[in-house]
Amino acid sequence: QKEVEQNSGPLSVPEGAIASLNCTYSDRGSQSFFWYRQYSGKSPELIMFIYSNGDKEDGRFTAQLNKASQYVSLLIRDSQPSDSATYLCAVNRDGSTLGRLYFGRGTQLTVWP
Amino acid sequence: EAQVTQNPRYLITVTGKKLTVTCSQNMNHEYMSWYRQDPGLGLRQIYYSMNVEVTDKGDVPEGYKVSRKEKRNFPLILESPSPNQTSLYFCASSLSVGQGNEQFFGPGTRLTVL
């Protein structure tokens with residue numbers, strides 16, 4: 001089983017809609033969870049991180065974490081065409097693999113006007 | 001400006017010709033890492049370094065070498081490149097490890113091995 005799984009998409013939503021991106025992880029010891037955005041041909045850039053159960057909001061973005069279900073999601077409200085990109089979920093485990101970041105394969109999001 | 005730099009940005013080479021991709025960060029970060037990104041496979045970690053002279057293998061270390069002699073630099077060495085190492089490579093760094101430590105990525109190096 002892959003460490004981090006994401007819906008491969010592509011996900012297509014109209015401008016102004018809510019985009020929902022999902023990620024599951026296999027290791028219950030995972031501690032920190034990150035969402036990166038990657039535009040085509042560019043490097044990943046961090047949108048949000050979360051490490052406590054519940055919701056974390058930052059502007060139009062909300063990260064949700066449920067450790068019991070091993071599930072983390074990213075909601076993008078009022079989606080804009082500029083949000084069109086690939087979104088990468090990443091998980092960091094503490095302990096013996098301290099420092100390693102495991103990435104999902106990414107979900108491609110298209111926001112159409 | 002705080003950044004991670006990589007050189008070269010683009011490289012076309014031939015099988016067996018040794019090459020080095022440099023990575024440098026100016027943020028005094030302890031942790032540095034190399035990833036490769038391939039279509040359908042996502043980002044996979046090659047090697048990482050927790051600090052000077054401390055390196056460890058990631059998921060796909062075969063065919064690669066690294067060194068960390070200085071805190072700011074973390075070069076990736078391909079002793080004998082092969083076509084299956086054609087990929088997009090990213091270097092990343094973070095202040096340390098632990099909860100919430102963001103990894104900053106370099107601009108990427110697109111490598112083609114003929």
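Labels below follow one simple rule: chain letters A, B, ... track the order of the sequence lines, proteins then strands, and each chain is numbered from 1.
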- prompt: Where on D59(B) is there a heavy atom nearer than 4.5 Å to chain A: the side chain, the backbone, both, or neither?
  reply: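 For D59(B), the contact with chain A is made by backbone and side chain together.
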- request: Of all the heavy-atom pairs spanning Q45(B) and L101(A), show the shortest one and how long it is.
  value: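 What the structure gives for the nearest pair is OE1-N, 4.3 Å.
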task: Specify the closest pair of heavy atoms between F105(B) and S43(A), including all atoms of both residues, with the distance to one decimal.
output: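 Here F105(B) and S43(A) meet closest at CB-CB, 3.9 Å.
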Quick check on the hydrophobic clustering: are [X] and [Y] connected, directly or via other members, by side-chain heavy-atom contacts under 4.5 Å?
X: V66(B); Y: V60(B); answer: yes
X: M32(B); Y: F104(B); answer: no
X: Y36(A); Y: I46(B); answer: no
X: Y48(B); Y: L76(B); answer: no
X: L19(B); Y: F90(B); answer: no

- prompt: Looking at OH of Y102(A) and CZ of R44(B), how far apart are the two atoms once the value is rounded to the nearest 0.5 Å?
  reply: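 Interatomic distance, Y102(A) OH to R44(B) CZ, rounded to 0.5 Å: 14.0 Å.
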task: To the nearest 0.5 Å, tell me how far S94(B) OG sits from N92(A) CG.
output: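 Interatomic distance, S94(B) OG to N92(A) CG, rounded to 0.5 Å: 8.5 Å.
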Side chain / backbone / both / neither for [X] at chain B, heavy atoms under 4.5 Å:
X: L88(A); result: side chain
X: Q6(A); result: neither
X: F33(A); result: neither

field: side chain to side chain contact (heavy atoms under 4.5 Å, CB included) partners for T62(A), two or more places apart
entry: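 T62(A): side chain to side chain contact (heavy atoms under 4.5 Å, CB included) contacts with D55(A), E57(A), Q64(A), L75(A), R77(A).
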- request: For I77(B), look at atom CD1 and say whether over 12 heavy atoms of other residues, nucleotides or ligands are found less than 6.0 Å away.
  value: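 Result for CD1/I77(B): enclosed.
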Max heavy-atom pair count under 4.5 Å with chain A, selected residue of S33(B), G40(B), S49(B), A92(B):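 Between S33(B), G40(B), S49(B), A92(B), the count favours G40(B).
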field: For chain B, the option from Q38(A), E45(A), K42(A) that forms the most heavy-atom pairs under 4.5 Å
entry: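 The answer is Q38(A).
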